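None of these values were measured; they are calculated from a predicted model. Any value given below was found using the heavy atoms of this structure, including those in side chains, with hydrogens, waters and symmetry copies removed. So that the names make sense, note that chain A is the first sequence line, chain B the second, and so on, each numbered from 1.
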Amino acid sequence: MGESRHWADVVSDRVTTVKKKHTIATGITPSGEIHIGNLREVLTGDAVYRALSDSGAEAELIYIADTLDPLRRVYPFLSEDYSEHVGKPLSAIPCPCGDCANYAEHFLEPFLESLELLDIDPVVYRAHELYANGDFVPATIAALLNRDKIASIIENVSHREIPADWSPFNVICESCGRITTTVVSGFDEAKKTVDYSCECGYSGTTPLEGHGKLTWRVDWAARWGVLGVTIEPFGKDHATKGGSYDTGTKISGEIYGYAPPYPVIYEWIHLKGKGAMSSSTGVTVTITDMLRVMPPDVLRYLIIRTKPGKHIDFDPSRIIDLIDDFDRANNRAFELSRTKTFLPSDIPFTHLVTAMQIASDPTDIDTLHEVLRRSGYDGYNEESVKRRVENARNWLSSYAPDSAIFEVQRELPTATKNLSEEQRSGLLRIASGISGDLAAKDMHDLVYAVAEEVGVSASKMFQAVYTTILEKDSGPRAGYFMASLDRDFLLNRLKEAGRG
RNA sequence: GGGCUCGUAGCUCAGUCAGGCAGAGCGGUGGGCUCUUAACCCAUUCGCCAAGGGUUCAAAUCCCUUCGGGCCCGCCA
């Protein structure tokens, strides 16, 4: 058995045996908020990109925003006004917030910002710009000339029926602005124009350039040749037999004389207990949400550590474990996950989550420092802690399970009324046993010792401590926990509860 | 109906392409002063590799069949 290699390196090995220069293409339709399921596409590409670069190959990562795709319907997050825009290209629809250049940009901008944080730096293309520049004109003419051949490829490979008036080119109606309601009736190769009519009643002749796009299956194949794509990650929906990769392969080979890119097929990300993420079902966790609760490196790690072919079951309540896992990791996935801004953490995230909740004033970093100092952490990286405190706070307020949440009670919890005589006297003994510089571990041992002295089980004694301070039956490891509390507060509270 | 993918320790998964002694992390367990109670350190347990068959000197790995999970084939990644 050889060393286990990371999947991205395996892909890199494979493709570099053929050639050393590669363009990895990724792309997403910005029709709604871009979630971490979408992110897998780009991150998969980025992992391959880094693997290639590390191997000394020449690699380029590109990202194409499908801005010419039509708005399919009025999504739940849109106002009813958008019904008039259904069928128009995303780049030609007003922005929902009114501040962005158009609808597509509204979702694209935050996504591109996230990419920067994630240290992913692709060459970004927007489909409507590529088409407006005329980059796709030759490919469009070739497609129109080979209309029948393409139609039969699609029919044979995908077994779907192609309507008699089908055209590989979708025109944007100059009157109503829709791309889904037009029918091409002819074209002029020399003038580079098409004739069309629209359901809205309009008909006319328009230049190819900037007035439409190739249909998806043809567009994809054309894109490979136009942009020189050699590697492309795509979702399993396109990978199915007779799907768009199959037709694309045939179209690219027979019409454009270009070999299809090496495919990297990836699976969906599921949200624990809720199924696959999808903007249309509303089951989503956005990239922005994730970057609030974890460092970008960890978000990369979540996706990169798993082979593309396996679905990822993502459970936000266990992000705490994910982060600890990342901090302990020392493998290739970890290497591929680090960003420029990576900072190692000197304090386990789990402990930070505990310490934060102990700190009397979570908004004041000094109180946290005091807690950390009392629990034996000194000389850590300030910046790293600062960032993670932010993550921990957000995680606690959005995703943390109840078992991870506690609050040091300002007043004596009423539940202490139910403590037994033995528990009470135990609490008093603990209070008097705590003196001077008693170490955390000794405080912990003290609980056991006292339990024995007063004749209750250790379990009962611990519960008494937690009830007294947290009004819960369990909590962070008791001695260490008590040691990190303000000493006067602790002693007063123990005595108070002990006296009953 | 067609196709894909996964099934390996309690959990999350490497390892399967290129057959060569079954692995890691977490958890659990034990210890770290007489000690079940979320943070530290040390040690350690754990497997009919989903099932059956085949090929082979040799199979988690290749081939066939079965079972089970998750999907894709309506331009959702």
Side-chain angles (χ1 to χ4, degrees), chain A residues 1-7 10 13-14 26-29 31-32 34-44 66 69-70 72-73 75 158-160 180 215-217 219-220 233-244 246-247 265-270 275-281 284 305-313 315 318 320-322 324-325 328-333 347-355 358 372 375-377 403-404 406 440-442 444-449 451-452 457-463 465-466 473-481 483-484:
Chain A
M1 246 0 288
E3 283 284 293
S4 124
R5 280 177 76 61
H6 188 266
W7 60 263
V10 173
D13 289 351
R14 283 271 170 78
T26 63
I28 295 166
T29 304
S31 57
I34 297 174
H35 52 76
I36 63 170
N38 301 125
L39 181 64
R40 191 171 200 179
E41 163 122 357
V42 185
L43 220 31
T44 300
D66 292 311
D69 285 14
R72 296 276 157 205
R73 58 193 174 84
Y75 297 110
S158 75
H159 300 112
R160 75 180 55 188
T180 50
T215 60
W216 161 244
R217 282 172 190 259
D219 176 64
W220 200 23
F234 50 90
K236 51 129 144 250
D237 53 337
H238 297 315
T240 195
K241 188 100 184 157
S244 44
D246 275 2
T247 52
I265 299 154
Y266 60 88
E267 257 279 2
W268 309 143
I269 295 181
H270 295 225
M277 258 183 234
S278 148
S279 339
S280 50
T281 55
T284 60
R305 69 173 173 173
T306 307
K307 280 191 290 195
K310 296 189 104 153
H311 82 257
I312 295 174
D313 243 324
D315 183 353
R318 291 185 61 181
I320 194 169
D321 300 319
L322 173 67
D324 275 353
D325 199 37
R328 275 187 296 261
N330 181 28
N331 50 20
R332 181 65 172 147
I347 303 171
F349 192 69
T350 44
H351 180 48
L352 208 52
V353 166
T354 301
I358 295 171
L372 288 173
S375 56
Y377 284 95
S403 63
F406 65 84
K441 181 174 184 344
D442 295 325
H444 197 65
D445 293 341
L446 184 61
V447 180
Y448 288 107
E452 197 155 317
S457 66
S459 167
K460 287 283 174 212
M461 204 56 241
F462 277 104
Q463 279 178 20
V465 171
Y466 293 124
D473 285 343
S474 62
R477 227 170 150 207
Y480 301 83
F481 174 50
S484 52

With the side chain counted from C-beta on, respond yes when [X] and [Y] share a heavy-atom pair under 4.5 Å apart, and no when they do not.
{"X": "H351(A)", "Y": "L372(A)", "value": "yes"}
{"X": "K307(A)", "Y": "E267(A)", "value": "no"}
{"X": "R305(A)", "Y": "L322(A)", "value": "yes"}
{"X": "T44(A)", "Y": "W7(A)", "value": "yes"}

d([atom1], [X]; [atom2], [N]) in whole Å:
{"X": "E452(A)", "N": "C35(B)", "atom1": "CD", "atom2": "C1'", "value": "9 Å"}
{"X": "D324(A)", "N": "G27(B)", "atom1": "CG", "atom2": "C1'", "value": "13 Å"}
{"X": "L352(A)", "N": "C40(B)", "atom1": "CG", "atom2": "P", "value": "13 Å"}
{"X": "R305(A)", "N": "U12(B)", "atom1": "CZ", "atom2": "P", "value": "11 Å"}
{"X": "E267(A)", "N": "C4(B)", "atom1": "CD", "atom2": "C1'", "value": "9 Å"}
{"X": "H444(A)", "N": "C41(B)", "atom1": "NE2", "atom2": "C1'", "value": "15 Å"}
{"X": "R73(A)", "N": "C75(B)", "atom1": "CZ", "atom2": "C1'", "value": "14 Å"}
{"X": "I28(A)", "N": "C76(B)", "atom1": "CD1", "atom2": "C1'", "value": "11 Å"}

With a 4.0 Å cut-off on heavy atoms, is [X] in touch with a base, just the backbone sugar-phosphate, or nothing at all?
{"X": "Q463(A)", "value": "nothing"}
{"X": "A478(A)", "value": "sugar-phosphate"}
{"X": "S244(A)", "value": "nothing"}
{"X": "H238(A)", "value": "sugar-phosphate"}
{"X": "F481(A)", "value": "base"}
{"X": "G37(A)", "value": "base"}
{"X": "A404(A)", "value": "base"}
{"X": "R40(A)", "value": "nothing"}
{"X": "D325(A)", "value": "sugar-phosphate"}

(message) Using the side-chain contact (heavy atoms from CB on, under 4.5 Å) definition, which of the options I320(A), D325(A), T354(A) pairs with F349(A)?
(response)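 It is I320(A), the one option of I320(A), D325(A), T354(A) that forms the side-chain contact (heavy atoms from CB on, under 4.5 Å) with F349(A).
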Nucleotide paired to [N] in any strand shown, Watson-Crick or G-U, under 3.5 Å:
{"N": "G1(B)", "value": "C73(B)"}
{"N": "G20(B)", "value": "C57(B)"}
{"N": "G27(B)", "value": "none"}

(request) Please work out whether the ring planes of H270(A) and H311(A) are parallel, tilted or perpendicular, with thresholds of 30° and 60°. (result)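 Correct class here is tilted.
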Could you give the distance separating [M] and [N] at their [atom1] atoms, to the nearest angstrom?
{"N": "U61(B)", "M": "G25(B)", "atom1": "P", "answer": "25 Å"}
{"N": "A14(B)", "M": "C76(B)", "atom1": "P", "answer": "27 Å"}
{"N": "U55(B)", "M": "U12(B)", "atom1": "C1'", "answer": "34 Å"}
{"N": "G1(B)", "M": "U65(B)", "atom1": "P", "answer": "16 Å"}
{"N": "A24(B)", "M": "G68(B)", "atom1": "P", "answer": "33 Å"}
{"N": "G54(B)", "M": "A22(B)", "atom1": "C1'", "answer": "23 Å"}
{"N": "U16(B)", "M": "C6(B)", "atom1": "C1'", "answer": "13 Å"}
{"N": "U5(B)", "M": "C42(B)", "atom1": "C1'", "answer": "42 Å"}

Where the side chain of [X] is defined as all heavy atoms beyond and including C-beta, which of [options] is the nearest nucleotide?
{"X": "V10(A)", "options": "C17(B), G70(B), G3(B)", "result": "C17(B)"}
{"X": "R328(A)", "options": "C33(B), G25(B), C75(B)", "result": "G25(B)"}
{"X": "R160(A)", "options": "G25(B), C40(B), C75(B)", "result": "C75(B)"}
{"X": "R72(A)", "options": "C75(B), U34(B), G70(B)", "result": "C75(B)"}
{"X": "W216(A)", "options": "C40(B), C75(B), G25(B)", "result": "C75(B)"}

Between [X] and [N], is there a contact of a side-chain N or O with OP1 or OP2 at under 4.0 Å?
{"X": "R318(A)", "N": "C11(B)", "result": "no"}
{"X": "K307(A)", "N": "G15(B)", "result": "yes"}
{"X": "K310(A)", "N": "A14(B)", "result": "yes"}

(message) Between T215(A) and S403(A), which residue's closest nucleotide on RNA chain B lies nearer the 5′ terminus?
(response)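 The residue mapped nearer the 5' terminus is S403(A).
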(request) Identify, between D473(A) and R217(A), the residue whose nearest nucleotide on RNA chain B lies closer to the 5' end. (result)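 Final value for this comparison: D473(A).
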(request) May I ask you to check whether H238(A) and Y266(A) place their ring centres under 6.0 Å from each other? (result)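 Judged by ring-centre distance (under 6.0 Å), Y266(A) and H238(A) do not meet the cut-off.
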(request) Could you tell me the separation between the OG atom of S474(A) and the CZ atom of F406(A), rounded to the nearest 0.5 Å? (result)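 Output value for this atom pair is 10.5 Å.
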(message) Taking atom types as they are modelled, would you say the side chain of T240(A) forms a donor-acceptor pair with the base of C73(B) within the 3.5 Å cutoff?
(response)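 Side chain to base: no pair below 3.5 Å.
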